[in-house]
J.: 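Please read through the structure below; I'll follow up with questions.
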Amino acid sequence: MATRNLCAVAPHRPAEDIGVLPEGGADAACSAVERLFPGRYAPVADGEFRIGTYGPTVLIVGDPAAEIRVPEGHGTYAYTFQTAALAASFEVQTEVLRRLVALSPESVDFEEGEPLPFEGEFRAGECVLDSDGLSVAAQRWMFGPHADDPDPAHWLDRTQLHAFGPLPERTGPAPAAGWLRRLLGRRLD
């Protein structure tokens with residue numbers, strides 16, 4: 001089952017930065033990974049997840065195993081879509097917003113928290129309350145429509161992001177003691 005995971009860590013709605021500001025490059029991505037996952041991941045050719053930075057917003061595409069360390073004043077905006085089940089979920093957690101919605105092809109299966117602004121047209125009956133429409137609306141509200149393609153999933157496939165994977169485990173003998181340790185005849189800790 002193919003699953004698409006998008007998560008942004010941002011001080012405000014990520015759509016205000018993603019696709020509006022230029023992507024920050026490999027150094028900014030490495031810095032963001034060290035802040036969000038200290039000592040856990042390194043750049044690789046084909047990683048567990050990909051990162052893009054847009055000003056203060058960090059976009060994570062994929063599913064890192066480690067928990068995200070969210071900086072103070074920032075929130076998380078997450079979206080997951082499972083293609084085989086046509087199921088989706090979105091979650092927003094900030095200092096002022098808490099919202100979780102799980103969708104199946106036929107209905108809204110679970111919801112917690114107050115509706116987000118984009119949900120109003122569905123609640124008012126202006127749009128049919130179906131999982132596909134609500135799912136796309138959630139993506140657009142969180143990650144933004146872009147000039148060349150209104151669907152963030154398509155736009156992300158063409159965006160330069162930086163791959164990261166777990167740091168390799170140390171193998172082999174312990175590193176040789178430095179000259180001071182050899183001189184003193186014991187390890188300094």
Side-chain angles (χ1 to χ4, degrees), residues 1-24 29 32 35-37 49-64 66-159 161:
M1 171 176 4
T3 301
R4 175 175 215 100
N5 294 302
L6 304 174
C7 180
V9 177
H12 46 251
R13 191 168 60 97
E16 295 176 25
D17 296 334
I18 297 172
V20 176
L21 300 175
E23 198 285 317
R35 275 192 324 274
L36 300 176
F37 310 102
F49 61 96
R50 297 177 301 146
I51 291 268
T53 58
Y54 304 88
T57 296
V58 178
L59 176 65
I60 303 164
V61 179
D63 194 12
E67 185 175 325
I68 299 172
R69 192 170 116 199
V70 179
E72 188 175 327
H74 285 59
T76 57
Y77 300 76
Y79 173 82
T80 299
F81 181 75
Q82 297 174 341
T83 54
L86 296 175
S89 65
F90 59 89
E91 180 177 16
V92 175
Q93 291 193 24
T94 70
E95 293 176 352
V96 294
L97 295 174
R98 297 271 186 272
R99 180 72 167 148
L100 172 62
V101 176
L103 307 162
S104 68
E106 310 302 315
S107 65
V108 175
D109 292 337
F110 175 81
E111 61 181 304
E112 181 179 284
E114 294 296 315
L116 296 169
F118 69 88
E119 294 180 71
E121 60 189 17
F122 293 95
R123 304 280 176 208
E126 296 169 20
C127 295
V128 175
L129 183 58
D130 69 343
S131 62
D132 189 42
L134 193 55
S135 173
V136 170
Q139 285 184 71
R140 287 180 179 166
W141 183 82
M142 287 193 274
F143 305 109
H146 302 284
D148 60 342
D149 193 335
D151 185 345
H154 297 155
W155 177 80
L156 287 169
D157 289 338
R158 296 188 314 269
T159 300
L161 299 174

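Every value quoted in this text rests on a predicted model; they were computed, and no experiment measured them. Residue numbers count from 1 along this sequence.
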J.: Just verifying a value: how many Å separate Glu91 CD and Leu116 CG, rounded to the nearest 0.5 Å?
T.: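 Rounded to the nearest 0.5 Å, the CD-CG separation comes out at 11.0 Å.
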J.: Locate the shortest heavy-atom distance separating Pro14 from Ala8; write the atom from each residue and the value.
T.: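 The pair with the smallest heavy-atom distance is CG-CB, 3.4 Å.
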J.: What about the rings of Phe90 and Phe118, do their centers lie closer together than 6.0 Å?
T.: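 Ring centroids of Phe90 and Phe118 are less than 6.0 Å from each other.
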J.: Indicate yes or no: at least one non-hydrogen side-chain atom of Pro56 is less than 4.5 angstrom from one of Asp17.
T.: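 Yes, at least one pair of side-chain atoms sits under 4.5 Å.
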J.: Give, for atom CE of Met142 and atom SG of Cys7, the distance between the pair rounded to the nearest 0.5 Å.
T.: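 That separation rounds to 9.0 Å.
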J.: Under 4.5 Å between any side-chain heavy atoms of Ile51 and Leu161, yes or no?
T.: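 Not touching, per the 4.5 Å side-chain cut-off.
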J.: Of all heavy-atom pairs between Ser135 and Ala88, which one has the smallest distance, and what is that distance?
T.: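 The pair with the smallest heavy-atom distance is OG-CB, 3.8 Å.
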J.: Is the closest side-chain heavy-atom distance between Glu119 and Leu134 below 4.5 Å?
T.: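 Side-chain contact under 4.5 Å: yes.
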J.: Quick one: do Glu114 and Arg98 make a salt bridge, cutoff under 4.0 Å?
T.: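 Not counted as a salt bridge, because no side-chain N and carboxylate O are separated by less than 4.0 Å.
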J.: Do Thr53 and Glu23 have side chains that get closer than 4.5 Å, going by heavy atoms?
T.: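 When only atoms from C-beta onward are counted, Glu23 and Thr53 do touch, with a gap below 4.5 Å.
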J.: Less than 4.5 Å apart, side chain to side chain, heavy atoms only: is that true for Pro71 and Leu36?
T.: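 Yes, at least one pair of side-chain atoms sits under 4.5 Å.
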J.: If I take atom CG from residue Leu59 and atom CZ from residue Phe143, how far apart are they, to the nearest 0.5 angstrom?
T.: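 The CZ atom of Phe143 is 6.5 Å from CG of Leu59, to the nearest 0.5 Å.
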J.: With a 6.0 Å cut-off on the ring centroids, do Phe49 and Phe37 count as close?
T.: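 Phe49 vs Phe37: aromatic centres under 6.0 Å.
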J.: For Val20 and Tyr54, run side chain to side chain contact (heavy atoms under 4.5 Å, CB included): C-alpha distance rounded to whole Å, both residues' side-chain angles, the deciding distance at 0.1 Å, then the answer.
T.: CA-CA 8 Å; Val20 176; Tyr54 304 88; over 6 Å; no
J.: For a side chain to side chain contact (heavy atoms under 4.5 Å, CB included) check, start with the C-alpha distance between Arg35 and Val58, then their side-chain angles and the critical distance, and finish with the verdict.
T.: CA-CA 11 Å; Arg35 275 192 324 274; Val58 178; 4.0 Å; yes
J.: How about His74 and Thr57: do any of their side-chain heavy atoms sit closer than 4.5 Å?
T.: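 In short, these two side chains do not touch, never coming nearer than 4.5 Å.
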J.: Please report the interatomic distance CG(Leu6) to CD1(Ile18), rounded to the nearest 0.5 Å.
T.: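 The distance works out to 8.5 Å.
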J.: First locate atom CG of Leu100, then atom CD of Glu111, and finally report the distance between them rounded to the nearest 0.5 Å.
T.: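 One gets 9.5 Å once the value is rounded to the nearest 0.5 Å.
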J.: Before giving the answer on side chain to side chain contact (heavy atoms under 4.5 Å, CB included), spell out for Tyr79 and Trp141 the whole-Å C-alpha distance, their side-chain angles and the decisive distance to 0.1 Å.
T.: CA-CA 11 Å; Tyr79 173 82; Trp141 183 82; over 6 Å; no
J.: Short question: side chain of Arg99, backbone of Gly113 - any donor-acceptor pair under 3.5 Å?
T.: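 A pair under 3.5 Å: yes.
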J.: Do Ile60 and Ile68 have side chains that approach each other closer than 4.5 Å (heavy atoms only, starting at C-beta)?
T.: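 Contact flag for Ile60/Ile68 side chains = yes.
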